[in-house]
Novice: 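One structure, pasted below without further comment.
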2 protein chains.
Amino acid sequence: MTEPQDRRELIVATAAEMFARKGIRSTTVREIADSVGVLSGSLYHYFSSKDEIVKEILMGFLAAIQDRYGEVLAQGQDASQTLRAVVLASLRVAKQQPDATVIYQNELRYLRETPQYKEVQAAAADVQRVWAGVIERGVADGTFRDDISPRIFHRLIRDAVWLSGRGQHSDAGYSTERLADAITSIFLQGFAARPGIGASQSDEVPAQTP
Amino acid sequence: MTEPQDRRELIVATAAEMFARKGIRSTTVREIADSVGVLSGSLYHYFSSKDEIVKEILMGFLAAIQDRYGEVLAQGQDASQTLRAVVLASLRVAKQQPDATVIYQNELRYLRETPQYKEVQAAAADVQRVWAGVIERGVADGTFRDDISPRIFHRLIRDAVWLSGRGQHSDAGYSTERLADAITSIFLQGFAARPGIGASQSDEVPAQTP
DNA sequence: GTCTATATTGAGATAGAC
DNA sequence: GTCTATCTCAATATAGAC
């Protein structure tokens, strides 16, 4: 997050940092106000509720993602290149908005159980659709293995990317680009179609009970 | 969880289901009591606090994991086989205790911020150590790529496995064994050392900025 | 735009009768 | 062992003065 100009932005940035560190529920509006340097009542001059602050954080995050994904898709690259670009785009947003990334990951439950987050839910679904689209395309054109469900692959790589936000500090020294390369390298190698394996035989990994 | 015999077990099982579905914080003791069919005060005959219930759920979960990992390590297999066995063992526990698995994944934050969970933290650290050990062994003996940090690999596969609990319903039709095979297949292929790549050159993936 | 003061609600926990 | 009744506390939110 860039240096907050006005008080409203300062509130959002401060709240984001605390929500990411301690969770939304266990961060009180009084604590946010303390950190900002005002009293709790004053926050309600800018926001009508605590959830409005959460919404502003997450919608900004999801909008940034959609922006970058739009650029990636506009390039019309093949499945492998697009997947790599999507991973890199995601990690760049994660780097730019680390607090929002952590909140998004950690509070999916909270967001779902709070009714007024329809808007956020919808934006999140759009993001999911981009991932699913790239993967399906790669499986269809033979770039990716067809012996493993695209759903599984989708979940694995999506979680791998977004959870990287959570582990940022522990990955110190790994630049965004390096991390993106590591993740895509592992998954593209792991999910690469291998000649003679897959479509020709059964279409799933055979059960194997050691 | 097996069919609860006595009231105490019923409380634990009911609470686990609700904690997994709605989160610990947003499940009230009154709701648990309602589901069990008693009034909230009655719960305190069995447990001295809500957190005691949480503790019982998670310690049972972690003990089951440690049991199975112990058996796996006792077999003295090589790194690939051990990793596969650890994944399978984890998924079996996840299948047997799906609620605890979800709680463990979703509430790491809550567990860390609640002081009295030292015991749970310690057990969780032991589990982590098994994963790290297998991976380090595989990297050391040349089974796994050494051009990617073991920390990264550790995080990726660990999250992939435990998050599978979260996606259970959406993976319908994938048996535990099939899912274990899919995950190990992707990661062993993705993380396999390739002759001529790695140690000989640089020891990290080169930065690459598209 | 910020403060003081307070209303309101919801949750965990307890005491003691049955 | 369960219930009724209630305590206590913390948190969101509001009203109105400055």
Side-chain angles (χ1 to χ4, degrees), chain A residues 3-58 103 106-107 109-117 120, chain B residues 3-58 103 106-107 109-120:
Chain A
E3 279 304 303
Q5 315 289 341
D6 58 15
R7 190 129 276 193
R8 185 190 167 87
E9 282 179 51
L10 179 61
I11 293 169
V12 172
T14 305
E17 190 277 326
M18 300 183 85
F19 290 157
R21 184 161 41 80
K22 313 197 336 163
I24 295 173
R25 276 198 134 83
S26 33
T27 302
T28 70
V29 293
R30 266 185 265 262
E31 288 172 319
I32 297 170
D34 281 357
S35 284
V36 170
V38 296
L39 288 200
S40 69
S42 307
L43 294 186
Y44 290 84
H45 175 70
Y46 298 95
F47 298 94
S48 65
S49 75
K50 179 180 170 180
D51 282 334
E52 284 296 315
I53 305 179
V54 175
K55 238 194 237 173
E56 185 142 327
I57 294 166
L58 291 175
I103 294 167
N106 285 335
E107 313 274 357
R109 179 159 313 275
Y110 176 76
L111 301 180
R112 278 199 202 121
E113 94 205 4
T114 308
Q116 68 208 89
Y117 284 138
V120 175
Chain B
E3 279 305 302
Q5 315 289 342
D6 57 16
R7 191 128 275 194
R8 186 189 167 88
E9 282 179 51
L10 179 61
I11 293 169
V12 172
T14 304
E17 190 277 326
M18 300 182 85
F19 291 156
R21 183 161 41 82
K22 315 195 338 164
I24 294 173
R25 274 198 136 83
S26 33
T27 302
T28 69
V29 293
R30 269 183 261 263
E31 288 172 320
I32 297 170
D34 280 358
S35 284
V36 170
V38 295
L39 288 200
S40 69
S42 307
L43 295 185
Y44 291 85
H45 176 70
Y46 299 95
F47 298 94
S48 65
S49 76
K50 180 180 170 180
D51 281 334
E52 284 296 315
I53 305 180
V54 174
K55 238 193 235 173
E56 185 143 324
I57 294 167
L58 292 175
I103 295 167
N106 286 335
E107 313 275 356
R109 179 159 313 274
Y110 175 75
L111 301 181
R112 280 202 199 117
E113 94 205 4
T114 308
Q116 68 208 88
Y117 284 139
K118 293 284 176 211
E119 214 185 341
V120 176

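Lettering follows sequence order; numbering is per chain, from 1. Values below: every heavy atom of this structure, side chains too, minus hydrogens, waters and symmetry copies.
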Novice: Drop me the distance from Leu43(A)'s CG to Arg7(A)'s CZ, to the nearest 0.5 angstrom.
Specialist: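 With rounding to 0.5 Å, CG (Leu43(A)) is 10.0 Å from CZ (Arg7(A)).
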Novice: Is Arg7(B) near enough to dT2(D) that one of its side-chain N or O atoms lies under 4.0 angstrom from OP1 or OP2?
Specialist: yes
Novice: Which residues pass the salt bridge (Lys or Arg N to Asp or Glu O under 4.0 Å) test with Arg112(A), sequence neighbours left out?
Specialist: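 Testing Arg112(A) for salt bridge (Lys or Arg N to Asp or Glu O under 4.0 Å), a comparison that skips the adjacent residues, returns none.
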Novice: Kindly compute the distance separating OG1 (Thr114(B)) from CD1 (Ile24(B)), expressed to the nearest 0.5 Å.
Specialist: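 Going from the OG1 atom of Thr114(B) to the CD1 atom of Ile24(B) covers 7.5 Å.
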Novice: Please identify each residue that fulfils salt bridge (Lys or Arg N to Asp or Glu O under 4.0 Å) with Glu31(A), with sequence neighbours left out.
Specialist: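 Residues passing salt bridge (Lys or Arg N to Asp or Glu O under 4.0 Å) with Glu31(A): Lys22(A).
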Novice: Could you give the NZ-to-P distance, from Lys22(A) to dA10(D), as a whole number of Å?
Specialist: 13 Å
Novice: Any side-chain heavy-atom pair from Phe19(A) and Asn106(A) closer than 4.5 angstrom?
Specialist: no
Novice: Which side chain to side chain donor-acceptor pair (under 3.5 Å) pairs, counting each pair once, include a residue from residues 42-56 of chain A, with sequence neighbours left out?
Specialist: Arg8(A)-Glu56(A), Asp51(A)-Tyr110(A), Asp51(A)-Tyr117(A)
Novice: Whole Å only: how far is the CG atom of Leu39(A) from the P atom of dT12(D)?
Specialist: 15 Å
Novice: Can you sort out the partners of Arg30(A) under salt bridge (Lys or Arg N to Asp or Glu O under 4.0 Å), two or more places apart, ordered by chain and number?
Specialist: none
Novice: Rounded to whole angstrom units, what separation is found between the CZ atom of Arg25(B) and the P atom of dA10(D)?
Specialist: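 Those two atoms, CZ and P, are 13 Å apart.
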Novice: In residues 41-56 of chain B, what residues come within less than 4.0 Å of DNA chain D, judged by heavy atoms?
Specialist: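 The answer is Ser42(B), His45(B), Tyr46(B).
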Novice: Answer whether the closest heavy-atom distance between the side chains of Leu58(A) and Glu107(A) falls below 4.5 Å.
Specialist: no
Novice: Starting at the 5' end of DNA chain C and moving along, which residue's nearest nucleotide shows up first, Val38(A) or Ile24(B)?
Specialist: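 By nearest-heavy-atom nucleotide position, the 5'-most residue is Val38(A).
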Novice: Is any side-chain heavy atom of Glu9(A) closer than 4.5 Å to one of Asp6(A)?
Specialist: yes
Novice: How many angstroms lie between CG in Asp34(B) and OG1 in Thr28(B), if you round to the nearest 0.5 Å?
Specialist: 7.5 Å
Novice: Could you give the CD-to-P distance, from Glu31(B) to dG10(C), as a whole number of Å?
Specialist: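 To the nearest whole Å, that distance equals 12 Å.
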Novice: I'd like a table of atom pairs between the protein and nucleotides 6-9 of chain C - only N or O on both sides, under 3.5 Å - with the distance next to each one.
Specialist:
none

Novice: Rounded to the nearest Å, what distance is computed from the CE atom of residue Met18(B) to the C1' atom of nucleotide dA11(C)?
Specialist: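 It works out to 14 Å between those atoms.
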Novice: Calculate, to the nearest 0.5 Å, the distance between atoms CD1 and CD1 belonging to Ile32(A) and Ile53(A) respectively.
Specialist: 5.0 Å
Novice: Counting any heavy atom closer than 4.0 Å, what does Thr27(B) reach on the DNA or RNA strands: base, sugar-phosphate only, or nothing?
Specialist: sugar-phosphate
Novice: Report the distance from atom CG of Asp34(B) to atom C1' of dT4(D), rounded to the nearest whole Å.
Specialist: 15 Å
Novice: Rounding to 10 degrees, work out the angle separating the end axes of the helix from dG1(C)-dC18(D) to dC18(C)-dG1(D) (five pairs an end).
Specialist: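 Here the local axes at opposite ends form an angle of 0°.
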